[in-house]
2 protein chains.
Amino acid sequence: MSLEHILLGMLAEPASGYDLKAEFEAGARHFWFAELSQIYPTLRRMERRTWLTSQEEPSPSGPARRVYTRTRLGTAELLKWLRSGPVVGVERFAYIGQLIFLGQLNDLETTLAFLERLRDLHREKLQFLKAAEKETSAKFAGDPDERDGVEFHEHLSLRMGIVSLGAKVRSCNECIKRVKDRMAAETSHV
Amino acid sequence: MSLEHILLGMLAEPASGYDLKAEFEAGARHFWFAELSQIYPTLRRMERRTWLTSQEEPSPSGPARRVYTRTRLGTAELLKWLRSGPVVGVERFAYIGQLIFLGQLNDLETTLAFLERLRDLHREKLQFLKAAEKETSAKFAGDPDERDGVEFHEHLSLRMGIVSLGAKVRSCNECIKRVKDRMAAETSHV
DNA sequence: CCACGCATGTAATAGGTTACATGATTTA
DNA sequence: TAAATCATGTAACCTATTACATGCGTGG
């Protein structure tokens, strides 16, 4: 399972399940996501495996927080995962299937609307990543070398997301052009 | 669930579970994948819902085949799904997390090896898609307008995959360059 | 007093993988 | 006769989503 390893990575500093969920919402959302109802039992399981320890802490506002700390064993497991090479799981892109099957409808107007909507969805995510990059690069305006290792790697991951989402937007635009050309060709020689 | 809709789309022509699995292996693999042990019960469920009907057919080689045919109800469901707009599920990219967490190791050699391996994995998939595009575009060398709607849409989906994977390869190369620059900067002013 | 944010969890269900079971026909 | 391909399925398990339950503290 990867969620366990993602949580190990996020637990460089001690945090509660609630904190980790907030981190998914705030920034990690572009590469992973988990519900609280999955996070809580997963943390418990990891504690049983002695990858984590937990302490209950009173909260200034609300019920007691259970704060998890990564153990040496947990850190060792994380390193093992990182050194095992990139984990590229099976990818499932329903919208690519939809695009293919729209051929059975053969209504280019619908295909066009579909592609424009898809482009807008990609564009929204792209804006989010670009905003995040702008925010961090402002901090290192003078000398990008000042970034520490963690910040440098975070920046790499943002660059990856930005380049790859930018291409998705462009690929939608390319397809939109192809559809428009085909529509024009159809009306002209019918 | 999307697998049901993917199968509906693939059943433009009657096919068995075994056939559908083969189609996933051959070409649909770049956007979806399912095991036989998931396909068989799913087809049965769809039949109970009257989206499909099935007939047993003797096989020339091997046990009887259960061939599924899409009903008008199944087709209606497919169209409903297609017209509901692009389905962009939650994306989980473990390797982006790994790249971020490699910052905690802060061993640029390991990051470099990771990125090179990731690029090679993306490149392999890209080669597969490019080969598929070449194969089909050879068929329509003279006039691309000769493609029917199905072939046209299949081509669009290939273009999307090629542009987007190409960008992933490039984003790896960009990151590799950044890592090398940082390594050079480190050795020079230490 | 009610809504909202903080905080933890369980239960039921759905989606997906791995392992196992069965048996026919073809090819080496 | 053994292995490979064809063909269908079940069972156990893991992963993930949705719905539900509980309760504290703060601000309107």
Side-chain angles (χ1 to χ4, degrees), chain A residues 1-8 14-26 28-29 31-49 51-52 54-68 81 87-94 97, chain B residues 1-8 11 14-26 28-29 31-49 51-68 81 87-94 97:
Chain A
M1 214 228 312
S2 283
L3 174 61
E4 293 181 357
H5 292 103
I6 299 287
L7 292 176
L8 277 178
S16 69
Y18 195 85
D19 295 338
L20 292 164
K21 165 71 173 172
E23 220 177 307
F24 279 125
E25 297 291 348
R29 169 159 106 269
F31 73 90
W32 204 273
F33 181 81
E35 296 291 343
L36 275 173
S37 57
Q38 195 190 359
I39 293 171
Y40 286 128
T42 302
L43 289 171
R44 280 293 169 101
R45 201 188 321 136
M46 289 163 77
E47 190 181 17
R48 281 200 301 276
R49 253 181 244 170
W51 291 356
L52 306 177
S54 76
Q55 308 84 235
E56 251 190 27
E57 277 182 15
S59 160
S61 61
R65 296 157 46 77
R66 179 166 298 276
V67 175
Y68 289 88
W81 185 61
V87 172
V88 181
V90 189
E91 292 177 18
R92 288 186 173 87
F93 297 107
Chain B
M1 218 229 309
S2 283
L3 174 61
E4 293 182 356
H5 292 103
I6 300 285
L7 292 175
L8 276 178
L11 280 167
S16 69
Y18 194 85
D19 295 339
L20 292 163
K21 166 71 174 173
E23 220 176 308
F24 278 125
E25 298 290 350
R29 170 159 104 270
F31 73 91
W32 204 274
F33 181 81
E35 296 291 342
L36 275 173
S37 57
Q38 194 189 0
I39 294 171
Y40 286 128
T42 303
L43 290 171
R44 279 293 169 101
R45 202 188 321 136
M46 290 163 77
E47 190 181 17
R48 282 200 299 276
R49 252 181 244 171
W51 291 355
L52 306 176
T53 56
S54 75
Q55 308 85 236
E56 250 190 27
E57 278 182 14
S59 160
S61 60
R65 297 157 45 78
R66 180 165 298 276
V67 175
Y68 289 89
W81 185 61
V87 172
V88 181
V90 188
E91 293 176 20
R92 288 186 173 88
F93 296 106

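Numbered from 1 within each chain, the chains take letters A, B, ... in sequence-line order. The structure displayed is predicted, hence computed values, not measured ones.
Under the rule for a side chain to side chain contact (heavy atoms under 4.5 Å, CB included), the partners of B:Arg44 that lie at least two apart in sequence or sit in another chain are B:Glu47, B:Arg48, B:Arg66, B:Tyr68. Partners of B:Arg49 under the side chain to side chain donor-acceptor pair (under 3.5 Å) rule, at least two apart in sequence or in another chain, are B:Glu4. Listed by chain and residue number, A:Phe93, A:Lys125, A:Lys168, B:Val88, B:Phe93 satisfy the side chain to side chain contact (heavy atoms under 4.5 Å, CB included) test with B:Glu91 (two or more places apart in sequence, or in another chain). Applying the salt bridge (charged side-chain N to carboxylate O under 4.0 Å, His left out) criterion to A:Glu57, with sequence neighbours excluded, gives no partner residue. Listed by chain and number, the residues in a salt bridge (charged side-chain N to carboxylate O under 4.0 Å, His left out) with B:Glu23 amount to none (sequence neighbours excluded). Shown here are the side chain to side chain contact (heavy atoms under 4.5 Å, CB included) partners of A:Pro63, two or more places apart in sequence or in another chain: there are none. For A:Ser59, the side chain to side chain contact (heavy atoms under 4.5 Å, CB included) test picks out A:Ser61, A:Arg65, with sequence neighbours left out.
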Expected rows: protein N/O vs nucleotides 13-19 of chain D N/O, under 3.5 Å:
residue: D:dT15; atom: OP1; partner: A:Met1; partner atom: N; Å: 3.3
residue: D:dA16; atom: OP2; partner: A:Gln38; partner atom: NE2; Å: 2.7
residue: D:dA16; atom: O5'; partner: A:Gln38; partner atom: NE2; Å: 3.4
residue: D:dT17; atom: OP1; partner: B:Arg92; partner atom: NH2; Å: 3.1
residue: D:dT17; atom: OP2; partner: B:Arg92; partner atom: NH2; Å: 3.0
residue: D:dT18; atom: O4; partner: A:Ser37; partner atom: OG; Å: 2.5

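A heavy-atom distance below 4.5 Å is found between the side chains of B:Met46 and B:Leu8.
Between the CD atom of B:Glu25 and the C1' atom of D:dA7 there is a distance of 15 Å, given to the nearest Å. In this structure, B:Arg65 places its CZ atom 10 Å from P of D:dC6, rounding to the nearest Å.
Both B:Pro41 and A:Ser61 lie near DNA chain D, and the one whose nearest nucleotide falls closer to the 5' end is B:Pro41.
First and last contacts of DNA chain C with chain A, using any nucleotide atom under 4.0 Å from a protein heavy atom and ordered 5' to 3', fall at C:dC6 to C:dT17.
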